[in-house]
Amino acid sequence: MEESPLSRAPSRGGVNFLNVARTYIPNTKVECHYTLPPGTMPSASDWIGIFKVEAACVRDYHTFVWSSVPESTTDGSPIHTSVQFQASYLPKPGAQLYQFRYVNRQGQVCGQSPPFQFREPRPMDELVTLEEADGGSDILLVVPKATVLQNQLDESQQE
């Protein structure tokens, strides 16, 4: 890791972060999934950091973990892998925006994720109210958002 300002590799062909949530719950471990582009040779000296979005130097990370190096790779194919950040090292909840950044052994940022926050869950954000389509009923149904999304996914797969 070097102290110079962030040196970013071109985003085209860079590390791609997958399934990044908009918010993470504090005090629970965070799993970070990413894909290295074809031809990239990962090193045990590469690392993934959690940075404030405005961080301008690779030393301005909040926490980091060493990247995982797969035992075997197929030449010319992307490498899908993940790392875990332990709960005790994560930022405190708040409005601050963070992002994952992949830093190679030369201190270059080879990819960064969309921004996210660490925030306590708000139960009402996770609930959805449903009313009957005919409008003739006085019943209001409150269900978890995950249930509604799963039902929509199941219905779309049956079609």
Side-chain angles (χ1 to χ4, degrees), residues 1-38 40-71 73 78-130 140-154 156:
M1 295 182 284
E2 56 187 49
E3 196 149 351
S4 64
L6 285 178
S7 171
R8 293 197 175 121
S11 59
R12 189 168 60 131
V15 175
N16 185 27
F17 289 93
L18 310 169
N19 303 321
V20 177
R22 285 188 278 169
T23 60
Y24 289 98
I25 298 170
N27 303 316
T28 59
K29 66 183 174 186
V30 170
E31 194 160 332
C32 171
H33 294 266
Y34 58 97
T35 300
L36 299 171
T40 301
M41 203 49 142
S43 164
S45 299
D46 297 351
W47 52 282
I48 292 92
I50 294 178
F51 289 81
K52 290 181 179 178
V53 168
E54 66 273 8
C57 176
V58 294
R59 287 200 179 265
D60 290 342
Y61 60 87
H62 179 85
T63 189
F64 78 96
V65 293
W66 298 108
S67 66
S68 56
V69 179
E71 292 179 21
T73 61
I79 301 169
H80 303 287
T81 189
S82 66
V83 294
Q84 285 189 351
F85 290 90
Q86 296 304 312
S88 59
Y89 295 105
L90 296 176
K92 300 290 182 224
Q96 176 66 51
L97 291 174
Y98 294 90
Q99 63 189 169
F100 300 115
R101 294 183 186 167
Y102 186 100
V103 181
N104 69 12
R105 61 189 163 275
Q106 288 87 21
Q108 290 183 314
V109 175
C110 299
Q112 57 191 22
S113 74
F116 56 85
Q117 291 178 306
F118 289 92
R119 194 173 75 187
E120 294 292 344
R122 294 185 289 188
M124 293 309 289
D125 286 349
E126 301 303 319
L127 299 177
V128 177
T129 57
L130 302 175
L140 184 65
L141 184 61
V142 180
V143 296
K145 186 185 285 186
T147 302
V148 172
L149 294 173
Q150 185 63 49
N151 288 342
Q152 289 173 346
L153 179 64
D154 292 343
S156 69

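Values below: every heavy atom of this structure, side chains too, minus hydrogens, waters and symmetry copies. All residue numbers refer to positions in the sequence shown, counting from 1.
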Look up atom [atom1] in [X] and atom [atom2] in [Y], then write down how far apart they are to the nearest 0.5 Å.
X: His33; Y: Ile48; atom1: NE2; atom2: CD1; value: 12.0 Å
X: Gln108; Y: Tyr102; atom1: CD; atom2: OH; value: 12.0 Å
X: Phe85; Y: Cys32; atom1: CZ; atom2: SG; value: 5.5 Å

Using side-chain contact (heavy atoms from CB on, under 4.5 Å) as the criterion, list what pairs up with Pro91, not counting sequence neighbours.
Ile50, His62, Tyr98, Phe118

Under the side-chain contact (heavy atoms from CB on, under 4.5 Å) rule, collect the residues that match up with Pro38, sequence neighbours excluded.
Pro78

Determine the minimum heavy-atom distance between [X] and [Y], stating which atoms define it.
X: Ser68; Y: Ser82; value: OG-O, 3.3 Å
X: Tyr24; Y: Asn19; value: OH-O, 4.1 Å
X: Ser113; Y: Val20; value: CB-CG2, 3.9 Å
X: Ala21; Y: Phe116; value: O-CB, 3.1 Å
X: Thr40; Y: Ile79; value: O-CD1, 3.7 Å
X: Cys110; Y: Asn104; value: SG-ND2, 3.4 Å

Side-chain contact test, heavy atoms from C-beta onward, threshold under 4.5 Å: evaluate it for [X] versus [Y] and give yes or no.
X: Glu31; Y: Lys29; answer: no
X: Val83; Y: Trp47; answer: no
X: Gln117; Y: Leu97; answer: yes
X: Gln96; Y: Glu54; answer: yes

Centres of the Tyr34 and Phe100 rings: under 6.0 Å?
no

Answer yes or no: is there a donor N or O on one side and an acceptor on the other, between the side chain of Thr63 and the main chain of Leu90, under 3.5 Å?
no

